[in-house]
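Written out below as structure tokens is the structure these notes cover.
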Amino acid sequence: AQTVTQSQPEMSVQEAETVTLSCTYDTSENNYYLFWYKQPPSRQMILVIRQEAYKQQNATENRFSVNFQKAAKSFSLKISDSQLGDTAMYFCAFTSNTGKLIFGQGTTLQVKP
Amino acid sequence: GAVVSQHPSWVICKSGTSVKIECRSLDFQATTMFWYRQFPKKSLMLMATSNEGSKATYEQGVEKDKFLINHASLTLSTLTVTSAHPEDSSFYICSARDFGQSNQPQHFGDGTRLSIL
């Protein structure tokens, strides 16, 4: 069975600084997708970034980038130039051909002014 | 972009009442929808996979008779919490996958906050 682990329950960062959120996963499959979702206090689920396992190049979306290490089964999220609006709970998630999303425990990120 | 509408957003009702939550894909067809439950400051736990025209697939530990799922059309799935009790109070979120875009991310509804008194 697939599992996703986020070992940092809470993190904080000063505005304009950079922060990295960790995620590891376990699977025996070769074709899968990884995601980072943001959940602000409104509780909407907002897709931040996605990575296809077959792509070696790390995904980037503006201030958000990932460090995907397939052999190590690691998928960390780097937020550059942190903004107050980045304050939220962040979930790492895994999916394969079943379409089921398996979520990590979540990391609460506080951006401080 | 694709939109998933979930209704109601918030419901408060008495213990013993059955509550129906709707999840609609507004601009795409979804043969598969997913229902999640989330406790405060916790992760999303998959409850079941809703399949259009067939029975839902429930995750281990989820009571089928408590959480009835119907997926009668390509744009609508419903979750009915039967004879709800205070322990069923939670945040329920649905998601849908575009039938024609299997390699694209799921689209989430905005969730339903259920409070049972």
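Computed over heavy atoms, backbone and side chain alike; hydrogens, waters and symmetry mates excluded. All chains are named by letter (A, B, ...) in the order of the sequence lines, taking the proteins before the strands, and each is independently numbered beginning at 1.
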May I ask you to check whether Phe103(A) and Tyr36(B) place their ring centers less than 6.0 Å from one another? yes
Honestly curious: do Ile69(B) and Ile21(B) fall in one hydrophobic cluster under the side-chain, below-4.5 Å linking rule? yes
Between Glu61(A) and Arg50(A), does any side-chain N to carboxylate O distance fall below 4.0 Å? no
So does Arg24(B) pair up with Glu22(B), basic N to acidic O under 4.0 Å? yes
Which residue out of Gln44(A), Lys100(A), Met89(A) racks up the most heavy-atom pairs below 4.5 Å with chain B? Lys100(A)
Heavy atoms only, distances under 4.5 angstrom: which of Gln106(B), Arg113(B), Glu59(B) has the most pairs with chain A? Name it, please. Gln106(B)
Using only heavy-atom distances, determine whether the side chains of Glu29(A) and Ser96(A) contain a donor-acceptor pair under 3.5 Å. yes
For Leu44(B), is it the side chain, the backbone, both, or neither that has a heavy atom closer than 4.5 Å to a heavy atom of chain A? both
Under 4.5 Å from any heavy atom of chain A - which part of Thr49(B): side chain
Side chain / backbone / both / neither for Gln39(A) at chain B, heavy atoms under 4.5 Å: side chain
Best-contacting candidate, Pro9(A), Gly104(A), Gly106(A), against chain B by heavy atom pairs under 4.5 angstrom: Gly104(A)
Among Leu47(A), Leu101(A), Thr95(A), single out the residue with the greatest number of heavy-atom pairs under 4.5 Å to chain B. Leu101(A)
Please name the residue in the list Ser95(B), Ser50(B), Ser77(B) that meets the side-chain hydrogen bond (donor to acceptor under 3.5 Å, both in side chains) test with Trp35(B). Ser77(B)
